[in-house]
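Step one of this worksheet: look at the structure below.
Atom set for the values below is all heavy atoms of this structure, side chains included, hydrogens, waters and symmetry mates excluded. Both counts, for ligands and for their atoms, begin at 1 and track the order of listing.
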Amino acid sequence: MTTTLLHQSAADVATPLLIVFAADTATTKDAPASPTLLTTNAAIQTAATPWLTSTDFKATLGETFLLPSPAGIQAQRLLLIGLGKAEKPGSPEGVPGPLGWNLTPHELRKAAGVAIRFARPRTLRTLALTLPEHPSLPAAPSIRAIAEGSILADFDIDFYRADRKDLSIQSLTVLTPEAVTPALQTAFNEGVILAESQNFARTLINEPGNILTPTELGKRTAAMAAEFNLACEVHSLEKILELKMGAFASVTQGSPQPPALIVLRYEPANPLPDGPVLGLVGKGITFDTGGISIKPAADMDKMKYDMAGAASMIAAMRAIAQLKPNVRVLCVVCSCENMPDGHAFKPGDVVTAMSGKTIEIMNTDAEGRLVLADGLHYAQTLGATHLINAATLTGAIGTALGQINAGLFSNNDETTQHFYDALAITGEKFWRLPATDDYRDQIKSQIADILNSTGSRYGGATTAAMFLKEFVGDTPWIHLDIASTTWLDDPKPWQSKGPSGIAIRTITEWVRSYAK
Ligand code: BES
Ligand code: ZN
Ligand code: ZN
């Protein structure tokens, strides 16, 4: 999809499909909907306003209304898309109430996605979209959200279908009522970079385990690094053993597929000599059978996405390489399969991690924390002063938070605040859960330093986080458990079924928050 930001009157654009947004500006909870066009363009208002009152269009979020052959404008079709309620109930009209606006650029990200997914099956290839005008939608974040939402919505998962129809959008023009300033163009470009990186990760996550082996993940990462000028090393088992990564090595030993230890580095042009070094660490299990503690057959196919944490970090590096923040960043991905065979590690085994800690294996299905233990330790030896890891780590995170919020655990409030500030920019949802030392007893072992699994149903996401915490020392650290949010089982009006690409935008913003 080519994307263009253009200052032009929306009424004058000859396009198969012109998109205009509307919000419900009713100010009380029980008042009837008051759909209002968010454009001051007189010709568009003349063409569309009669339909706002004569139909049951209420401008709820994602609601669409198509006007074929609209009068007085150049577009062949006009598509109205709802953004939902503009004001929080109780606000005086046109003024944000004490709780602020209900409408934010985050709704716009979704609504832009609705436009794309409306056009695709109708084989409309060229779209123009008018930037909405409303005090709750400042131009720069709105433009960025539109770029993100559109590119994310143009993704589908049917790569391997012989009858696959290419429905992708060829060109999208975002029309601005004001001149396109450098700041607006930058916001637009940032949205494109972030969403394209997110789609890069979604493509990796969607790949089946037989195709995306650890070796293949290494190859695709190296190709991306070459394209975007990142330093990249892909190490084999020999190096993993040389580094004494006994936890990582134990997981890979049941698989005939060679593991890959991937390291990416981003060096800014003028780094501060004593500035932070951010370490991004990803769980890259390209297929998780559970190993000897084998998983039930139902849904095991989903375990191809057990490398989503790795894909998120690689994709964040792809975005960072283009956004060029003035901060050093390195990325460590530990990738292997978790398979049962005669060589596989077993419950009861004791393994020694790179840090020197001994781990008693209680359950070979708790493998993600093992590879991350070595990845987190290795990132510190490479110089990381701050750590963030992403992993499809536990089913328990879904029990705790469902599929709306992903889990966040940390040993440091300050870096967590950086992450929260990043969330406000990206619109992603993470919820902090405890990883305090009163949970430490649950991973005590009688015969080694720690257990890799407690065997208890209680607090499974936290006990996994407690395990990781053993390997970060005092380094400020964030653990993101994305197990229940990385795969969408049902499509949304703005998003395909399948890999969501969660965490990439926020990890990238977290990194940028350390730039000086
Ligand atoms: N990859 C799984 C976690 C997972 C579950 C991801 C569902 C996505 C969807 C992880 O390796 C795992 O199997 N965890 C176990 C841990 C248990 C053995 C302590 C789990 O969650 O059941
Ligand atoms: Zn597992
Ligand atoms: Zn796993």
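- Because the distance cut-off is set at 2.8 Å, D306 fails to qualify as a neighbour of the Zn ion (ligand 2), as none of its N, O or S atoms comes that close.
- Considering backbone and side-chain atoms alike, D306 places an N or O below 3.5 Å from some N or O of ligand 1.
- With a 4.0 Å heavy-atom cut-off, ligand 1 is reached by no atom of K302.
- In terms of protein heavy-atom proximity, atom 6 (C) of ligand 1 is nearest to A483 CB, 3.6 Å.
- Assignment of M307 to the shell around ligand 1 is not supported, since no heavy atom sits closer than 4.0 Å.
- A donor-acceptor pair is defined here as one N or O able to donate and one able to accept, closer than 3.5 Å; such a pair exists between the side chain of N452 and the backbone of N363.
- Not one N/O/S atom of I285, from backbone or side chain, sits under 2.8 Å from the Zn ion (ligand 3).
- For atom 22 (O) of ligand 1, no protein non-hydrogen atom is found at a distance below 4.0 Å.
- Using 4.0 Å as the threshold, M303 has a heavy atom nearer than that to some atom of ligand 1.
- At a 4.0 Å cut-off, at least one heavy atom of R369 sits close enough to ligand 1 to count as contact.
- Taking a cutoff of 4.0 Å between a charged side-chain nitrogen and a carboxylate oxygen, D156 and R117 qualify as a salt bridge.
- In this model, no donor atom of one side chain and acceptor atom of the other lie less than 3.5 Å apart for D154 and S168.
- The pair R512-E509 meets the salt-bridge criterion, since a charged nitrogen lies less than 4.0 angstrom from a carboxylate oxygen.
- Contacts with ligand 1 closer than 4.0 Å are made by backbone heavy atoms (N, CA, C, O) of L393 only, the side chain lying farther away.
- Interface atoms of ligand 1 facing N363, defined by a heavy-atom separation under 4.0 Å, are 18 (C).
- Counting the atoms of ligand 1 from 1 in the order shown, those under 4.0 Å from a heavy atom of Y305 are 8 (C), 9 (C).
- Between the side chain of N411 and the backbone N or O of W477, at least one donor-acceptor pair lies under 3.5 Å.
- The nearest N/O/S atom of D288 to the Zn ion (ligand 2) is OD2.
- The ligand atoms of ligand 1 that sit less than 4.0 angstrom from a heavy atom of K283 are 1 (N), 10 (C), 11 (O).
- Looking only at distances, a side-chain donor or acceptor of T358 sits under 3.5 Å from a matching main-chain atom of D449.
- Atom OE1 is the N, O or S atom of E367 at the shortest distance from the Zn ion (ligand 2).
- For the residue pair Q380 / T475, a side-chain donor-acceptor distance below 3.5 Å is found, with atom types taken as modelled.
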